[in-house]
Amino acid sequence: MHSVLFVCLGNICRSPTAEAVFRDRAARSGMLERLSIDSAGTGDWHVGKAPDARAREAAARRGYDLSALRARQVTPGDFERFGIILAMDEANLRELELLRPAGFDGLLDRFLSFHPDTPVREVPDPYYGGDQGFEQVLDLIEGASEGLLEHLRGRS
Ligand code: 4NP
């Protein structure tokens, strides 16, 4: 059993998208029952909210349903519940490193470190940009999800 937590700033754009895309890929490859998958934000501004409408609509056009997800903030307990914690950008990773308990022996890394085929290191924050930003978020997340599944395949 692997437990994976995706983390961004608000938990309304990038990390819920990653949660839904990775869950979809895991289901298609028959690995879903061996995985626990969730997402959270380092900030608390949007706690309890559904994902941003632009993220929901961009994801829906590719067949992913984000509508049931609700934002929550990362907690210290997440380092006990999740063995793999993946940050969307460097700022998220720095925040997580500050929260990381000394005893955490899981993996804390950037999500895009699993992307097999991009020089891009961060999933860019699409919140203040246009629709193209949400397409780029999906492109990067789809690639990194494939890479993460490949990494986990055979390890459970
Ligand atoms: P996310 O996007 O971190 O991908 O969910 C953002 C959502 C909200 C804000 C920033 C980024 N905000 O500043 O409220």
Side-chain angles (χ1 to χ4, degrees), residues 2-27 35-101 104 106-149 151-152:
H2 289 290
S3 50
V4 181
L5 180 68
F6 297 104
V7 178
C8 63
L9 179 60
N11 194 212
I12 55 168
C13 297
R14 293 164 293 174
S15 62
T17 300
E19 177 184 346
V21 169
F22 185 64
R23 186 172 283 133
D24 173 86
R25 291 296 193 276
L35 289 166
S36 167
I37 305 166
D38 197 7
S39 66
T42 59
D44 67 355
W45 310 283
H46 302 283
V47 167
K49 300 267 176 61
D52 185 285
R54 298 163 298 172
R56 287 205 311 268
E57 286 159 15
R61 285 194 292 272
R62 298 193 192 192
Y64 310 111
D65 183 6
L66 272 54
S67 61
L69 303 179
R70 294 295 178 268
R72 72 173 182 88
Q73 189 174 25
V74 175
T75 70
D78 285 323
F79 287 88
E80 291 160 25
R81 287 175 51 211
F82 294 94
I84 301 172
I85 301 180
L86 298 171
M88 296 298 131
D89 65 29
E90 302 280 3
N92 310 146
L93 183 59
R94 281 194 300 276
E95 290 287 333
L96 288 165
E97 281 165 351
L98 293 173
L99 281 175
R100 173 191 188 140
F104 178 69
L107 175 73
L108 173 60
D109 201 354
R110 289 174 303 103
F111 186 30
L112 291 189
S113 72
F114 287 99
H115 197 301
D117 188 28
T118 182
V120 178
R121 292 175 57 83
E122 305 185 292
V123 181
D125 184 344
Y127 192 67
Y128 294 107
D131 287 345
Q132 188 51 41
F134 289 86
E135 298 302 327
Q136 189 194 6
V137 163
L138 279 159
D139 290 341
L140 290 167
I141 284 173
E142 286 177 339
S145 292
E146 294 286 352
L148 177 58
L149 265 189
H151 175 80
L152 296 178

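Bear in mind the structure is a predicted one, so any value in this text is a computation, not a measurement. Note that ligands are numbered from 1 as they come in the structure, with each ligand's atoms numbered from 1 the same way.
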Item to check | Backbone of Tyr127 reached by a side-chain donor or acceptor of Arg54 within 3.5 Å | outcome: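 Yes: the side chain of Arg54 pairs with the backbone of Tyr127.
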Checklist entry - Can any side-chain N or O of Arg70 pair as donor or acceptor with the backbone N or O of Ser67 at less than 3.5 Å? => result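 Checking the backbone N and O of Ser67 against the side chain of Arg70, a donor-acceptor pair under 3.5 Å is found.
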Can you tell whether the side chains of [X] and [Y] come within less than 4.0 Å, N to carboxylate O?
| X | Y | result |
| --- | --- | --- |
| Asp139 | Arg62 | yes |
| Glu146 | Arg25 | yes |
| Arg61 | Asp131 | no |

Next on the checklist: For Arg14, run the side chain to side chain contact (heavy atoms under 4.5 Å, CB included) check against Val7, Val137, Leu138, Asp52 and tell me which one passes.
Outcome noted: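 With Arg14 as partner, Val7, Val137, Leu138, Asp52 yield a single side chain to side chain contact (heavy atoms under 4.5 Å, CB included), made by Val137.
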Checklist entry - Does ligand 1 have any atom that is closer than 4.0 Å to a heavy atom of His46? => result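 Yes, His46 has heavy atoms under 4.0 Å from ligand 1.
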May I ask you to list the atoms of ligand 1 that are less than 4.0 angstrom from any heavy atom of [X]?
| X | value |
| --- | --- |
| Tyr127 | 6 (C), 7 (C), 8 (C), 9 (C), 10 (C), 11 (C), 12 (N), 14 (O) |
| Cys13 | 1 (P), 2 (O), 4 (O), 5 (O) |
| Arg14 | 1 (P), 3 (O), 4 (O), 5 (O) |
| Ile12 | 5 (O), 7 (C), 8 (C) |

Item to check | For atom 13 (O) of ligand 1, closest protein heavy-atom neighbour | outcome: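 Of every protein heavy atom, Tyr128 OH, 3.5 Å lies nearest to atom 13 (O) of ligand 1.
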Item to check | Contact partition for Asp125 relative to ligand 1, non-hydrogen atoms under 4.0 Å | outcome: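 For Asp125, the contact with ligand 1 is made by the side chain alone.
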Item to check | Gap between atom CZ of Phe6 and atom CG of Leu148 - 0.5 Å precision | outcome: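 Here the interatomic distance stands at 5.5 Å.
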Consider every N or O of [X] and every N or O of ligand 1, then say whether any pair is closer than 3.5 Å.
| X | answer |
| --- | --- |
| Cys8 | no |
| Asn11 | yes |
| Pro126 | no |
| Ser15 | no |

Checklist entry - If we ignore angles and hydrogens, is there a donor and acceptor under 3.5 Å between the side chains of Glu19 and Ser39? => result yes
